[in-house]
Amino acid sequence: MLHHELRLLLVATQFLTRLPVPALNNYQPHWLHQSSRYFPAVGLLVGLLCAGVFWPASLLFGPLVAAVAGTAFGIWLTGAFHEDGLADTCDGLGGGLTRARALEIMKDSRLGTYGTLGLVLALLLKIALLAAMPLPLALAALVVGHAGSRLMCISLIALLPYGGDPEHAKAKPMAQQLTPAQGLLGALWVALPLPLIWLWLPQLSPWHWLLPLLLALVVTEKMRRLLKRRLGGYTGDGLGATQQLSELAIYAGLAAWAW
């Protein structure tokens, strides 16, 4: 049992990042669906690594360069996986008047005007928010933002049916719904670093986390309604867009306390 759970964690890491993982013998396609419970755990790892870049860059060059460096490292680490989903979703929903046309645009590898604008604005806002925070708060934001946004992302798998064409899905086993037990395990990974963050930032009370949580939930609910109305359910690109926007929402909620 434990061996299988570790295997699923490796599958999730391999799927979401460029990090090297040991060879997975006798790989089964359904492992990818099962591994979605560990997406927040991978987000936690990505956030910690990005914070490890942000910290020395901030000490050497200041907050703006640190925000750019931490963001760029996260993009490299994940292969722009979620950013690509955000751009494709902006293009598809912005340029497609029908469900079929929107899905066709989202499958197109070319980047359009809506995707370019959405991606650029998201990156600029992410950098600006991180640079606006004091260093300790920015480090905490990176950890919680990456983990929490991936929890928001996989929540749509539990709340929506698959809205794309399963035959053309980038990851066919992901075109399934998430069970409540899997979602609870994902939430535990987000809660894991909170006690250490409270020790690191004792001035942050539990109330300080209420605004980031509410903003992330609002963004996720908006995406849930949009994807259901326009596409009939979630797609891989829609999940990536949800991750990016909920990460921004968490940053915004925490940055608000810095002022």
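Aromatic ring centres of F81 and F15 lie closer together than 6.0 Å.
Rounding to the nearest 0.5 Å gives a distance of 7.0 Å between NE2 of H82 and CD of Q244. Taken from CG in L227 to CG in L93, the straight-line distance is 6.5 Å, to the nearest 0.5 Å. A distance of 8.5 Å separates CG of L139 from CG of L201, quoted to the nearest 0.5 Å. Expressed to the nearest 0.5 Å, how far CD of E104 lies from OG1 of T98 amounts to 8.5 Å. Here the CG-CG distance, from L151 to L188, works out to 9.5 Å after rounding to the nearest 0.5 Å. In this structure, CG on L231 lies 10.0 Å from OH on Y162, to the nearest 0.5 angstrom.
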- Quick one: do T78 and L16 satisfy side chain to side chain contact (heavy atoms under 4.5 Å, CB included)? Show the steps, please. CA-CA 6 Å; T78 60; L16 295 178; 5.9 Å; no
- Task: List the steps and the verdict of side chain to side chain donor-acceptor pair (under 3.5 Å) for H4 and Q34.
- Result: CA-CA 10 Å; H4 181 60; Q34 294 177 348; 2.9 Å; yes
- Task: Take L59 and L135 through the test side chain to side chain contact (heavy atoms under 4.5 Å, CB included) and record every step on the way to the result.
- Result: CA-CA 9 Å; L59 297 177; L135 176 58; 4.1 Å; yes
- Go through the steps for E5 and R37 under the test side chain to side chain contact (heavy atoms under 4.5 Å, CB included), then give the verdict. CA-CA 10 Å; E5 294 300 316; R37 72 189 79 168; 3.1 Å; yes
- Task: Would you please test L217 and M152 for side chain to side chain contact (heavy atoms under 4.5 Å, CB included) and show each step?
- Result: CA-CA 7 Å; L217 289 173; M152 296 294 107; 3.9 Å; yes
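At a threshold of 4.5 Å between side-chain heavy atoms, the hydrophobic network of Ile, Leu, Val, Met, Phe, Trp and Tyr places L121 and L226 in two separate groups. In the hydrophobic clustering of ILVMFWY residues, with side-chain heavy atoms under 4.5 Å counting as a link, V53 and V68 come out apart. Hydrophobic clustering (ILVMFWY, side-chain heavy atoms < 4.5 Å, transitive): W76 and V21 are in one cluster. Follow the hydrophobic side-chain contacts under 4.5 Å out from V219 and you never reach L124; the two are in separate clusters. Cluster membership for F54 and L125, using ILVMFWY side-chain heavy atoms within less than 4.5 angstrom, is shared.
Between E247 and K126, the closest side-chain pair of non-hydrogen atoms falls below 4.5 Å. The shortest distance between side-chain heavy atoms of L254 and L129 does not fall below 4.5 Å. Looking at heavy atoms from C-beta onward, L248 lies out of side-chain contact with L215 at the 4.5 angstrom threshold. Side-chain contact between L44 and H146: absent, with no pair of heavy atoms (C-beta onward) separated by less than 4.5 Å. The shortest distance between side-chain heavy atoms of R7 and L24 falls below 4.5 Å. Looking at heavy atoms from C-beta onward, M106 lies in side-chain contact with T89 at the 4.5 angstrom threshold. Side chains of L19 and L45 form a contact here, defined as non-hydrogen atoms less than 4.5 Å apart. Contact of the I154 side chain with the P40 side chain is registered, since non-hydrogen atoms from C-beta on lie closer than 4.5 Å.
In W198, the CH2 atom is crowded: over 12 heavy atoms of neighbouring residues, nucleotides or ligands sit closer than 6.0 Å. Atom CG of L97 is surrounded by 12 or fewer heavy atoms from other residues, nucleotides or ligands within 6.0 Å. Heavy-atom neighbours of W209 CH2 from other residues, nucleotides or ligands within 6.0 Å: above the threshold of 12. In the displayed structure, R18 atom CZ is contacted under 6.0 Å by more than 12 heavy atoms of other residues, nucleotides or ligands.
Checking side-chain atoms of R224 against main-chain N and O of L160 turns up no donor-acceptor pair under 3.5 Å. Listed for the R99 side chain is no donor-acceptor partner under 3.5 Å among the backbone atoms of R230. T17 places no side-chain N or O within 3.5 Å of a backbone atom of Q14 that could act as its donor or acceptor partner. Between the side chain of D91 and the main chain of G112, a donor-acceptor pair closer than 3.5 Å is present. S36 places a side-chain N or O within 3.5 Å of a backbone atom of H33 that can act as its donor or acceptor partner.
In terms of heavy atoms, S35 sits closest to L8 at CB-O, 3.3 Å. Taking every heavy atom of both residues into account, G118 and C90 meet most closely at CA-SG, 4.0 Å. When all heavy atoms of A131 and P63 are compared, the pair lying nearest together is O-CB, 3.6 Å. Listed here is the closest heavy atom pair of M223 and G238: CE-O, 4.1 Å. Looking at every heavy atom in both residues, T242 comes nearest to C153 through CG2-CA, 4.2 Å. In this structure, S155 and T220 approach most closely via the heavy-atom pair OG-CG2, 3.6 Å.
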